[in-house]
Amino acid sequence: MSTVNGSWKLHRGGEPARSTLRPWPLRDRIALASGLAAPFLAALVLVPFRTNLSHTNAALVLVVVVVAVAALGSRTAGVVAALSAAAWFDFFLTRPYETFDITASADIETAVLLLAVGLAVSQLAARARRLEVITVTDAAYLARIHATADLAQSARSADTVVDHVRRELTDLLGLRSCRFEYGTLLGRPPRLHNDGSVTVGRRPWDLCTAGWPEGEIELRTYGNGHYLGRFMITPGPGPVPPLQARLVAVTLADQTGSVLDTAAPVRNG
């Protein structure tokens with residue numbers, strides 16, 4: 001067993017690995033801080049107008065702040081913003097002022113509704129952001145597949161496609177290195193399968209909890225059902241790519257197999 005970047009990694013055939021939690025991305029940390037601070041600042045700005053501003057309108061202003069935080073950040077940031085908004089609405093904008101006590105039943109209802117609406121819209125905003133990310137990511141994946149298909153039709157040498165896919169895999173999966181072996185099956189390295197899963201020997205490997213297995217991982221290529229070669233990939237230090245990325249990697253390997261089946265590779269070196 002060894003450590004890589006502060007996380008425990010499994011040696012092949014070893015005991016289950018323990019991995020530390022990865023730090024949150026900077027954007028999410030900023031959003032979380034904004035979830036705490038933005039409602040406070042908004043409520044503070046409304047203090048000079050609290051005697052003339054209805055509580056409903058003040059609550060709506062705070063809801064807008066919650067939506068903005070949730071849309072720019074994460075679901076967690078939106079929830080924190082909703083809780084913060086309800087607390088500071090109570091503290092600054094309801095009587096008795098600058099206490100967390102509420103005497104009027106209408107103000108209690110407004111505070112509860114503010115919290116409920118804030119939580120609901122933060123969920124919706126975070127979901128909308130997630131769907132947008134998925135759409136953009138899918139478009140990028142499709143672009144890789146289409147580019148490789150176009151090259152496969154126009155390239156004069158299979159090696160040109162192999163080199164292209166090797167670079168694509170390196171970028172797509174965040175690899176440290178990637179090489180291609182023509183028609184050899186030496187040893188039994190871990191294997192990336194068509195469904196995006198990984199096995200070590202004959203045992204399934206839990207990518208979610210253990211990360212990538214150590215050493216090189218093979219991604220085989222076939223043409224008309226015949227084994228033609230394999231990409232030997234060495235994962236980088238980052239997190240395991242999502243299932244979609246791994247499935248795209250398998251598709252690129254399949255495209256390589258189709259080219260190798262119809263054209264003899266010209267091996268350099």
Side-chain angles (χ1 to χ4, degrees), residues 4-5 7 9-10 17 19 22-28 129-155 157-182 184-185 189-200 204-223 227-261 263 265 267-268:
V4 178
N5 291 342
S7 298
K9 300 276 288 184
L10 267 179
S19 60
R22 298 185 181 93
W24 279 17
L26 178 61
R27 173 173 176 167
D28 287 345
R129 178 189 166 208
R130 177 177 175 272
L131 290 175
E132 179 184 0
V133 169
I134 290 174
T135 300
V136 172
T137 303
D138 285 348
Y141 289 159
L142 289 174
R144 292 180 188 273
I145 295 171
H146 286 310
T148 304
D150 289 341
L151 180 63
Q153 292 180 353
S154 61
S157 167
D159 277 355
T160 302
V161 179
V162 169
D163 289 341
H164 169 79
V165 171
R166 186 169 50 79
R167 292 190 296 270
E168 287 290 317
L169 293 176
T170 300
D171 182 56
L172 176 67
L173 301 178
L175 304 178
R176 181 177 290 112
S177 64
C178 178
R179 60 188 179 87
F180 188 78
E181 291 183 352
Y182 289 96
T184 58
L185 271 176
R191 181 179 174 188
L192 176 59
H193 292 271
N194 289 343
D195 61 357
S197 65
V198 170
T199 56
V200 176
W205 185 267
D206 191 344
L207 291 171
C208 294
T209 58
W212 288 114
E214 286 192 348
E216 289 186 313
I217 302 168
E218 67 174 6
L219 173 57
R220 298 182 181 183
T221 61
Y222 295 88
Y227 171 76
L228 298 172
R230 60 185 179 179
F231 290 95
M232 301 300 296
I233 64 176
T234 302
V240 175
L243 177 60
Q244 282 182 313
R246 303 197 302 271
L247 292 176
V248 172
V250 171
T251 301
L252 296 177
D254 287 342
Q255 290 177 313
T256 306
S258 298
V259 174
L260 292 174
D261 188 51
R267 299 171 192 168
N268 299 319

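- No side-chain heavy atom of L172 sits less than 4.5 Å from a side-chain heavy atom of P241.
- For R166 and E168, the salt-bridge test fails: no basic side-chain N is under 4.0 Å from an acidic carboxylate O.
- When side chains are defined from C-beta on, R230 counts as touching P189, because their heavy atoms get closer than 4.5 Å.
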Problem set entry | Step-by-step side-chain contact (heavy atoms from CB on, under 4.5 Å) determination, T148 to V165 | CA-CA 7 Å; T148 304; V165 171; 3.8 Å; yes
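- Interatomic distance, CG of L228 versus OG of S258, reported as 9.0 Å (0.5 Å rounding).
- The NE2 atom of H164 lies 8.0 Å from the CD atom of Q255; values are rounded to the nearest 0.5 Å.
- Within the 4.5 Å cutoff, no side-chain heavy atoms of L252 are placed close to those of F231.
- Formation of a donor-acceptor pair under 3.5 Å by the R246 side chain with backbone atoms of G196 is found in this model.
- Considering only heavy atoms from C-beta on, L142 stays 4.5 Å or farther from V248 through its side chain.
- A donor-acceptor pair under 3.5 Å is formed between the side chain of R176 and the backbone N or O of P235.
- Between atom NE2 of residue H146 and atom OH of residue Y141 there is a gap of 15.0 Å, rounded to the nearest 0.5 Å.
- Not a single donor-acceptor pair under 3.5 Å links the side chain of S197 to the backbone N or O of H193.
- Counted by atom type alone, T256 and T221 present zero donor-acceptor pairs between their side chains at under 3.5 Å.
- Closest of all the heavy-atom pairs between L207 and V240 is O-CG2, 4.0 Å.
- Counting only heavy atoms from C-beta outward, the side chains of D163 and R167 approach each other to under 4.5 Å.
- L192 CG to T199 OG1: the interatomic distance, rounded to the nearest 0.5 Å, is 9.0 Å.
- Side-chain contact between E216 and R179: present, with at least one pair of heavy atoms (C-beta onward) separated by less than 4.5 Å.
- When all heavy atoms of C178 and I233 are compared, the pair lying nearest together is SG-CG2, 3.9 Å.
- R220 has its side chain within reach of Y227: a pair of non-hydrogen atoms, C-beta onward, lies under 4.5 Å apart.
- Looking at W205, its side chain does come within 3.5 Å of a backbone N or O of G211 through a donor-acceptor pair.
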For this session: Evaluate the criterion side-chain contact (heavy atoms from CB on, under 4.5 Å) for residue pair Q244 and D138; output intermediate values, then yes/no.
Result: CA-CA 8 Å; Q244 282 182 313; D138 285 348; 2.8 Å; yes
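- There is no side-chain donor-acceptor pair under 3.5 Å between D254 and T251.
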For this session: Would you check, one step at a time, whether the test side-chain contact (heavy atoms from CB on, under 4.5 Å) holds for V162 with L260?
Result: CA-CA 9 Å; V162 169; L260 292 174; 4.2 Å; yes
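- When all heavy atoms of A249 and L173 are compared, the closest pair comes out as CB-CD1, 3.9 Å.
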